[in-house]
Asker: 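Got a structure for you, written out below as structure tokens; questions coming shortly.
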Amino acid sequence: MNTRDEAVALDEADPLAPLRAQFALAPDTIYLNGNSLGVPPAAAAQRAQVVIAAEWGEGLVRSWNTAGWFALAKRLGNKLAPLVGAAHNEIVVTDSISVNLFKLLSAALRFQRQRDPKRRVIVAERGDFPNDLYIAQGLVAQFDGAYELRFIDDPSELPAALQPDTAVAMLTQVNYRSGYMHDMAALTQLIHQKGALALWDLAHSAGAVPLDLNGVGADCAVGCTYKYLNGGPGSPAFVWVPHRHQNAFTQPLSGWWGHRAPFAMNPVFEPEDGIGRFLSGTQPIVSMALVECGLDVFLQTDMPSIRKKSLALTDLFIELVEARCDAFPLRLITPREHARRGSQVSFAHPNGYEVMQALIARGVIGDYREPHVLRFGLTPLYTRYVDVWDAVETLRDVLANETWRAAEFAQRAAVT
């Protein structure tokens with residue numbers, strides 16, 4: 001692409017372009033951080049007002065029944081299910097990824113211990129999002145050496161790491177730093193061939209790439225709603241467990257919302273049949289209600305269309321950076337191959353943090369990850385081709401004029 005007008009023409013022909021109007025995005029902001037926090041749907045503010053003023057303010061406690069609050073976790077799960085290849089009543093929206101990962105990892109280890117007590121190893125990637133590794137480390141520590149966390153540093157090491165002692169392989173489909181995407185179908189098959197269970201983290205793939213959890217035969221998965229699904233900061237995550245495993249999995253946080261008859265107030269826990277057993281405590285209704293606003297936009301399109309535009313946007317971003325910023329020390333760390341790329345592009349730069357702060361000051365909002373990585377998440381529901389052009393031009397200007405050298409851009413904030 002040689003001119004901005006060509007980018008404008010692509011936007012004019014884009015079938016997803018009308019969906020951008022359904023997001024509350026400032027006109028002078030180029031937002032390329034949907035892989036960290038999505039843009040608020042325009043309907044979210046009104047929905048929050050209804051929940052707070054009418055359902056809570058007027059309905060009060062009655063709204064658990066009259067406004068459908070009690071059923072919301074499952075209803076949202078069923079609305080999300082088609083986006084990830086799940087069946088009806090296989091997902092609940094609840095808690096955080098951290099809590100849900102603890103539930104699933106615990107349940108998977110117990111399930112495997114009953115089948116083969118020798119399986120006491122969790123296999124994970126050292127370069128995965130650290131939070132997932134922390135959850136696994138904390139869980140392993142509770143067993144005082146009875147379990148082990150085995151790291152791999154490259155996907156090619158996975159076959160050798162899957163030994164007869166492996167209970168679970170815990171993998172994230174799209175890497176948070178590089179945007180590298182695993183072949184979920186092939187790796188799930190490999191994991192099963194080795195007798196282990198496949199637990200997937202979908203944080204950077206749900207709403208960004210087409211998924212078929214049941215089709216690939218995965219065993220369980222977690223994902224968040226505040227990135228590509230645009231549910232809001234800290235919005236509840238989700239748990240997926242296929243029907244074949246639901247009643248065989250015992251999750252450790254046996255709270256009253258997972259009880260088969262919560263209002264019977266029985267002192268003995270009896271898990272609900274099905275996906276409901278993965279609920280624990282009372283749900284955060286205000287934030288959960290906003291998740292639906294993001295999901296409703298997805299109902300107006302389909303994942304193949306989103307994926308087609310995602311690849312076109314990321315291809316264009318890579319092309320323009322390499323053509324227009326070739327004089328600067330930027331190194332692409334995101335795979336060029338479509339089958340190995342999520343919906344983000346990451347470049348390393350020796351002063352990546354400062355460069356990103358300079359971009360943000362100019363209204364181009366991406367984010368930074370150690371070491372030296374500039375991340376740009378392109379969300380097809382609201383990112384335009386012209387946004388890509390303008391973002392790269394701003395990047396070129398920041399680098400050419402070295403505006404990133406200003407002292408203010410070197411100051412580290414609490415959240416980077």
Side-chain angles (χ1 to χ4, degrees), residues 85 90 97-178 180-205 211-223 239-253 278 340:
E90 286 188 339
I97 279 190
S98 302
V99 173
N100 290 334
L101 190 62
F102 179 83
K103 294 176 189 175
L104 290 186
L105 193 53
S106 300
L109 291 176
R110 179 169 178 168
F111 179 80
Q112 286 286 65
R113 186 167 67 248
Q114 293 170 341
R115 296 201 306 180
D116 184 352
K118 297 188 300 295
R119 293 188 176 272
R120 298 284 180 135
V121 173
I122 303 164
V123 172
E125 292 184 277
R126 199 186 310 272
D128 202 351
F129 190 66
N131 180 73
D132 289 16
L133 307 182
Y134 302 159
I135 295 296
Q137 289 166 16
L139 183 58
V140 166
Q142 299 304 309
F143 291 100
D144 295 323
Y147 282 85
E148 174 190 343
L149 182 59
R150 179 179 297 154
F151 287 123
I152 61 172
D153 293 299
D154 187 87
S156 64
E157 299 174 3
L158 184 60
L162 295 169
Q163 296 295 315
D165 60 359
T166 303
V168 181
M170 180 184 72
L171 301 172
T172 298
Q173 188 192 19
V174 177
N175 183 269
Y176 79 102
R177 182 187 287 114
S178 68
Y180 174 91
M181 184 168 69
H182 285 301
D183 184 336
M184 183 186 287
L187 292 190
T188 298
Q189 182 180 26
L190 171 66
I191 292 164
H192 286 169
Q193 287 172 350
K194 300 291 187 174
L197 296 179
L199 191 169
W200 289 95
D201 183 336
L202 310 176
H204 287 84
S205 47
L211 294 166
D212 186 8
L213 289 170
N214 276 311
V216 304
D219 294 294
C220 50
V222 297
V239 174
W240 171 78
V241 181
H243 289 298
R244 73 181 189 277
H245 284 325
Q246 285 176 4
N247 289 348
F249 274 20
T250 302
Q251 67 104 343
L253 300 179
F278 293 91
R340 292 291 174 266

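This chain uses plain numbering: 1 for the first residue, then up along the sequence. The analysis underlying the following values was restricted to heavy atoms, covering all of them including side chains, and did not include hydrogens, waters or symmetry mates. As the structure is a prediction and not an experimental result, all values here were calculated from the model.
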Asker: Quick check: do L101 and L199 have side-chain heavy atoms less than 4.5 Å from each other?
Answerer: yes
Asker: Under a 4.5 Å cut-off applied to non-hydrogen side-chain atoms, are L190 and P159 in contact?
Answerer: yes
Asker: Decide yes or no for E125 and H182: does some side-chain heavy atom of the first lie under 4.5 Å from some side-chain heavy atom of the second?
Answerer: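 Yes, at least one pair of side-chain atoms sits under 4.5 Å.
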Asker: Output yes when a side-chain donor or acceptor of Q173 lies under 3.5 Å from a complementary backbone atom of M181, and no otherwise.
Answerer: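 No, because the side chain of Q173 does not come within donor-acceptor range (under 3.5 Å) of the backbone of M181.
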Asker: Enter the distance from L105:CG to I122:CD1 here, rounded to the nearest 0.5 Å.
Answerer: 4.0 Å
Asker: State which residue, out of N214, L202, N100, fulfils the side chain to side chain contact (heavy atoms under 4.5 Å, CB included) condition with W240.
Answerer: N214
Asker: How many angstroms lie between atom CE of M170 and atom CG of L133, to the nearest 0.5 angstrom?
Answerer: 5.5 Å
Asker: If you look at every heavy atom in V174 and S205, which pair is closest and at what distance?
Answerer: CG2-CB, 3.8 Å
Asker: Please list all pairs meeting salt bridge (Lys or Arg N to Asp or Glu O under 4.0 Å) that have one or both residues in residues 127-140, counting only residues at least two apart or in different chains.
Answerer: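 Residue pairs with at least one partner in residues 127-140: there are none.
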Asker: Look up atom CE in M184 and atom CG in D212, then write down how far apart they are to the nearest 0.5 Å.
Answerer: 9.5 Å
Asker: For the residue pair Q112 and L197, establish whether any side-chain heavy-atom pair is separated by less than 4.5 Å.
Answerer: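 Yes, side chains in contact.
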Asker: Identify the two heavy atoms, one from V123 and one from A161, that lie closest to each other, and give their separation to 0.1 Å.
Answerer: CG2-O, 3.7 Å
Asker: Tell me the closest heavy-atom pair linking Q163 and R119, and the distance in Å.
Answerer: O-NH1, 3.7 Å
Asker: Write down the atom of Y176, the atom of G127, and the distance for their closest heavy-atom approach.
Answerer: CE2-O, 3.6 Å
Asker: Distance-only check: which donor-acceptor pairs under 3.5 Å involve side-chain atoms of residues 139-148, not counting sequence neighbours?
Answerer:
| from | atom 1 | to | atom 2 | distance (Å) |
| --- | --- | --- | --- | --- |
| Y147 | OH | R113 | NH1 | 3.0 |

Asker: Rounded to the nearest 0.5 Å, what separates atom OG1 in T188 from atom CD in Q193?
Answerer: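 Nearest 0.5 Å value for the OG1-CD distance: 11.0 Å.
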Asker: Not counting sequence neighbours, which residues clear side-chain hydrogen bond (donor to acceptor under 3.5 Å, both in side chains) with D219? List them please.
Answerer: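 D219 satisfies side-chain hydrogen bond (donor to acceptor under 3.5 Å, both in side chains) with H192, R244, H245 once adjacent residues are dropped.
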Asker: Parallel, tilted or perpendicular for F249 and F278, by the 30°/60° rule?
Answerer: perpendicular
Asker: Rounded at 0.5 Å granularity, tell me how far OG1 in T250 sits from CG in L109.
Answerer: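 The distance works out to 12.5 Å.
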Asker: Do V222 and K103 come within less than 4.5 Å of each other through their side chains, counting heavy atoms only?
Answerer: no
Asker: Would you compute the distance between atom CG of D165 and atom CZ of R120 and round it to the nearest 0.5 angstrom?
Answerer: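 CZ of R120 is found 11.0 Å from CG of D165.
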Asker: Does any non-hydrogen side-chain atom of L158 lie less than 4.5 Å from one of L162?
Answerer: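 Yes, close enough: below the 4.5 Å cut-off.
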Asker: Should the heavy atoms of other residues, nucleotides or ligands under 6.0 Å from CZ of R110 be counted, would the total exceed 12?
Answerer: no
